[in-house]
Novice: 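Got a structure for you, questions after.
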Amino acid sequence: TELDKKIGQPNVATTLASVTSIVKTRLRNQVTNGIIKAVDESSIEAVDQGDSILIRYTAAPTLPINFIKIEASFVAAL
C-alpha cells in the first residue's frame, strides 16, 4: 500500500502532510466501500515521533443490524 512504501524512507518536511493525505483517502474509500460507517476527517492527525509516525483518527464502525423495531399508533378514525 501507499503507507507501506513510506517505511524506510526519509522523514522530511512534507512527510506528515503526505501520510495524512494517504490516510484520508484510505478512510474515505473505507466509508464508500462500507467497511466503516463514517470518519471525522477533522480528527485525523499524524504525529512525528522521530523514527515513526503515529496516526490518530475517530471513526464510526459499520455494525450489523440486530433488530428492526416497528412502532405503530392506532386511532379510532383517520
Side-chain angles (χ1 to χ4, degrees):
T1 67
E2 292 299 313
L3 284 177
D4 291 332
K5 293 177 186 175
K6 295 290 184 186
I7 303 299
Q9 298 300 311
N11 186 358
V12 296
T14 58
T15 300
L16 286 181
S18 175
V19 167
T20 301
S21 176
I22 293 167
V23 169
K24 283 183 180 182
T25 299
R26 291 190 66 183
L27 289 169
R28 285 181 193 135
N29 288 340
Q30 289 180 3
V31 170
T32 299
N33 295 324
I35 297 168
I36 59 176
K37 193 173 200 174
V39 64
D40 177 3
E41 288 196 26
S42 68
S43 74
I44 299 170
E45 178 184 16
V47 180
D48 185 344
Q49 296 186 325
D51 66 345
S52 63
I53 296 173
L54 172 65
I55 306 295
R56 293 185 181 128
Y57 62 89
T58 301
T62 300
L63 301 173
I65 296 173
N66 293 317
F67 302 96
I68 297 177
K69 299 178 181 181
I70 299 172
E71 188 174 301
S73 297
F74 295 92
V75 295
L78 293 177

Novice: Given 3.5 Å as the limit, does a donor-acceptor pair link the side chain of Ser21 with the main chain of Ala17, or not?
Specialist: no

Novice: What are the two closest non-hydrogen atoms of Ile55 and Ala46, and how far apart are they?
Specialist: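 Looking at all heavy atoms of both residues, the closest pair is CD1-CB, 3.9 Å.
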
Novice: Please check if the side chain of Asn11 supplies one atom and the backbone of Gly50 the other of a donor-acceptor pair under 3.5 Å.
Specialist: yes

Novice: So, Thr32 versus Asn29: side-chain donor-acceptor pair below 3.5 Å or not?
Specialist: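 No, no side-chain donor-acceptor contact under 3.5 Å.
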
Novice: Quick one: are Thr20 and Ile44 in side-chain contact, heavy atoms under 4.5 Å?
Specialist: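 In short, these two side chains touch, coming nearer than 4.5 Å.
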
Novice: Minimum heavy-atom separation for Thr58 to Val39, with atom names?
Specialist: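 Heavy-atom minimum between the residues: O-CG2, 3.4 Å.
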
Novice: Might you point out which heavy atoms bring Leu16 and Ile53 nearest each other, and give the distance in Å?
Specialist: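 What the structure gives for the nearest pair is CD2-CG2, 3.8 Å.
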
Novice: Please evaluate residues Val31 and Arg28 with respect to the criterion side chain to side chain contact (heavy atoms under 4.5 Å, CB included), reporting the C-alpha separation (whole Å), side-chain torsions for both, the decisive distance (0.1 Å), and the verdict.
Specialist: CA-CA 5 Å; Val31 170; Arg28 285 181 193 135; 5.7 Å; no

Novice: For Glu2 and Lys5, which heavy atoms make the closest approach, and how far apart are they?
Specialist: OE2-NZ, 3.1 Å

Novice: Report the distance from atom CZ of Arg26 to atom OG1 of Thr1, rounding to the nearest 0.5 Å.
Specialist: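 Spacing of CZ (Arg26) from OG1 (Thr1) equals 4.5 Å.
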
Novice: Using a 3.5 Å distance criterion without hydrogens, assess whether the side chain of Thr15 forms a donor-acceptor pair with backbone atoms of Val12.
Specialist: yes

Novice: Roughly how far, to the nearest 0.5 Å, is the CD1 atom of Ile7 from the CG atom of Asp4?
Specialist: 6.5 Å

Novice: Quick check: closest heavy atoms across Thr62 and Lys37, and the distance to 0.1 Å?
Specialist: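 Thr62 and Lys37 have their closest heavy atoms at OG1-N, 3.2 Å.
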
